[in-house]
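In listed order, ligands and their atoms are each counted from 1. On a predicted model such as this, the values are computed, not experimentally measured, just so you know.
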Amino acid sequence: MTTDDELTIESRLAEQEYFEPPTEFVGQANMTDPGVYDRFDEFPEGFEEYAAMLDWDEHWDEVLDDSNPPFYEWFVGGKLNASHNCIDRHLDERKNQTALLWEGEDGEQRNVSYQDLYREVNEMAAALRSAGVGEDDIVTIHLPMVPALPITMLACARIGAPHSVVFAGFSASALAERVDDADSDHVVTIDGYYRRGDFLEHIEKADEAMDEVDSDPDVLAWTRHNEPQVEVSDDYTLVSELLADHRGERVAPVSRDAEDPLFLMYTSGTTGQPKGCQHRTGGYLAYATGTAKYDEDIKPSDTYWCSADIGWITGHSYIVYGPLSLGTTSVMYEGTPDYPHRGRTWEIAEKYDVDIFHTSPTAVRQFMKWGEEELEGYDFDFRHMTTVGEPIQPEAWLWYYKHVGDESAVIVDTWWQTENGGHMITNLPAIQDMKPGSAGHPAPGIEPAILDDAGEEIAPESGEAGNLAITRPWPGMLQTVHGDDERFIDEYWERFSDTDSDDSADWIYEAGDAAVQGTDGYYRILGRLDDVMNVAGHRLGTMELESAIAEVEDVAEAAVAARDDAEKGEVPDVYVTVREGVEETEELRERIVESVEEGIGKFARPSNVLFVDELPKTRSGKIMRRLLEDISNDEELGNTSTLADPSVPETIRDQLQAD
Ligand code: PRX
């Protein structure tokens, strides 16, 4: 094809507003009936369609108990076990089928069949029990992308012990904070793993965290190879030794109430303290399974690859629980997409013949920057592709569609949050046309609204931006913030609900995002409205960053502003004032960056540390980050009239230009 032809295709695609799903896709899709929306609008009974996809030990008596909002209960009276649903129930039909297809960064490969998974999860469940883990004990899991992670999660689920997975990139302090908050007596870690060719001594984080925690948890350590590659403390128990005592053991799955918690997932909020989003067993599993089936179009015969990390909610719902509950083959990759070369993703796609590929807009932008040449020579054929975590710009969407999907795969852009358990706004790929840059329609049964700042609903399909809210409960929603019901209400409900009312119609969930619904009914998500940033799809609280920076002795005050970034979506700029007599040196800058790495993790590194004489504050002393964001993004300054000294932002600008 000549360059001119290429240009014609590019411009044709760029002008096209909607893209129809290919006929072959529609012909085979799991959900093609537009009537599904009406079925789910029979509220709350519609959601039984998802619950019916699971095996229940006891059927529920009531779909939804909404008598004590916002503490909703789903599938009340029902009993089930998540590990049974993800493993045991598949054994009759597909015990030799691969459940987890793992590729190590060093090229090692493991095909864990459903039978293998059954054996390994049972043995680990027995091992956990023998280590003293009882039903309802919270187990903190700090593991990278190795099979030990889903195996430990499912072993916890089997014995009714809620897990709290902490993303491996989190620092020792962040791990300790989460162990303390969950009051967790058991921590599961590993000696190390591979990252860009190096063996990372991951266990050091647990070592440090154990010095920081309030209690004295037991630590269980997996090993990446047969033998530990680094020194493992005598205080820890090696999982390999424990497992050796439990070979061949079987543990009956504990029948859990639908409302019993399955896991905690910590996420950033508007204060320095992360929130432990607590997810229930029945509602969550039903929602993850149902959305994986309808939105991701997952079938048992598929090879499905979600390139997220299991340490975030996407990996929980769409690498582990949803796909395994549907009995498919789920791919896991240990490393980064550019090691040892930039074609690694496509090499894996070809090697395993991946049908469904799920990634983030940040990854798409990265691939786009590396260029389509990196895909040349790899033979793979995706039927379906997903993005999640951030808005995807139409330009990136089109590149993904053309160069990765070969114009023959559907793309679903899925909007949701850690708190939501599963997709909330996303098209059903065989039913609606795709529209680059728009998440699309509410998922079946989900009722969003766009509200103005006074809480009044903005007319649907008006094209006017406002606060995204959800006006009725759904099964995947968090139960509460672990140990803090009040914070649960404050963070999500207070603003738009009549909190004195016990009528659930008066309770409205605040998402914290801005959104707009076009005249065509499609929702476009504009980004966070609160002090939460989205860095390369990772959610970070500005207050969390600021409290890590406040640990640096020479810092007087610090404020974090989100700067738009072509690759990562947003990056943190840190504005710092130093204490009297302290010099603004490069060394101090480094200490500030290190403090963030130590307090949160390397992934949260500030992109700029900017020394200034003064921060913009209101008369009551509140820092106005919004104005710093205007400065970072080189935009016109917003309203400065409430500032104690309205000249401060301009002074900062002048100062930065002079530096
Ligand atoms: O701002 C929205 C953005 O990510 C936030 C939720 O982050 P987290 O809890 O880490 O969960 C991410 C993965 C489910 C949201 O408040 N976000 C998520 N998906 C999208 C998105 N923004 C735009 N488009 C999306 N598809």
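In this structure, atom 19 (N) of ligand 1 lies nearest to the protein heavy atom Gly389 N, 3.1 Å. Here the heavy atom of the protein found nearest to atom 25 (C) of ligand 1 is Glu390 O, 3.5 Å.
Nearest to atom 6 (C) of ligand 1 by heavy atom, out of Trp415, Tyr318, Trp416, Trp312, is Trp416. Of the candidates Thr418, Asn534, Asp513, Leu526, it is Thr418 that places a heavy atom closest to atom 9 (O) of ligand 1.
Using modelled atom types and a 3.5 Å distance limit, the side chains of Tyr18 and Asp520 yield a donor-acceptor pair. Counted by atom type alone, Tyr400 and Glu395 present zero donor-acceptor pairs between their side chains at under 3.5 Å. Side chains of Glu461 and Thr519: a donor-acceptor N/O pair is absent below 3.5 angstrom, by distance only.
Residue Pro391 approaches ligand 1 through these ligand atoms, each under 4.0 Å from one of its heavy atoms: 22 (N), 23 (C), 24 (N). The atoms of ligand 1 that sit less than 4.0 Å from any heavy atom of Val388 are 13 (C), 14 (C). Of all atoms in ligand 1, listed by their number and element, those nearer than 4.0 Å to a heavy atom of Thr314 are 13 (C), 14 (C). Close contacts of ligand 1 with Arg539, meaning ligand atoms under 4.0 Å from a residue heavy atom, involve 6 (C), 7 (O), 8 (P), 9 (O), 10 (O).
Seen from the ring of Phe170, Arg178 counts as a face-on cation partner, given the 6.0 Å and 45° thresholds.
The shortest N or O to N or O distance between Thr267 and ligand 1 is not under 3.5 Å. Of the N or O atoms in Thr414, one or more lie within a sub-3.5 Å distance of an N or O in ligand 1.
Salt-bridge check for Glu447 with Arg472: passed, with a basic side-chain N closer than 4.0 Å to an acidic carboxylate O.
Ala439 does not count as a contact of ligand 1, since none of its heavy atoms falls under 4.0 Å from the ligand.
Partner of Thr291 under the side-chain hydrogen bond (donor to acceptor under 3.5 Å, both in side chains) criterion, out of Tyr50, Tyr318, Trp416: Tyr318 alone.
Contacts between His538 and ligand 1 below 4.0 angstrom, taking non-hydrogen atoms only, are absent altogether.
Ring orientation note: the planes of His279 and Tyr284 are tilted relative to one another, at an angle of 30° to 60°.
One distance of note links CH2 of Trp415 with CG of Leu468; it measures 4.5 Å at 0.5 Å rounding.
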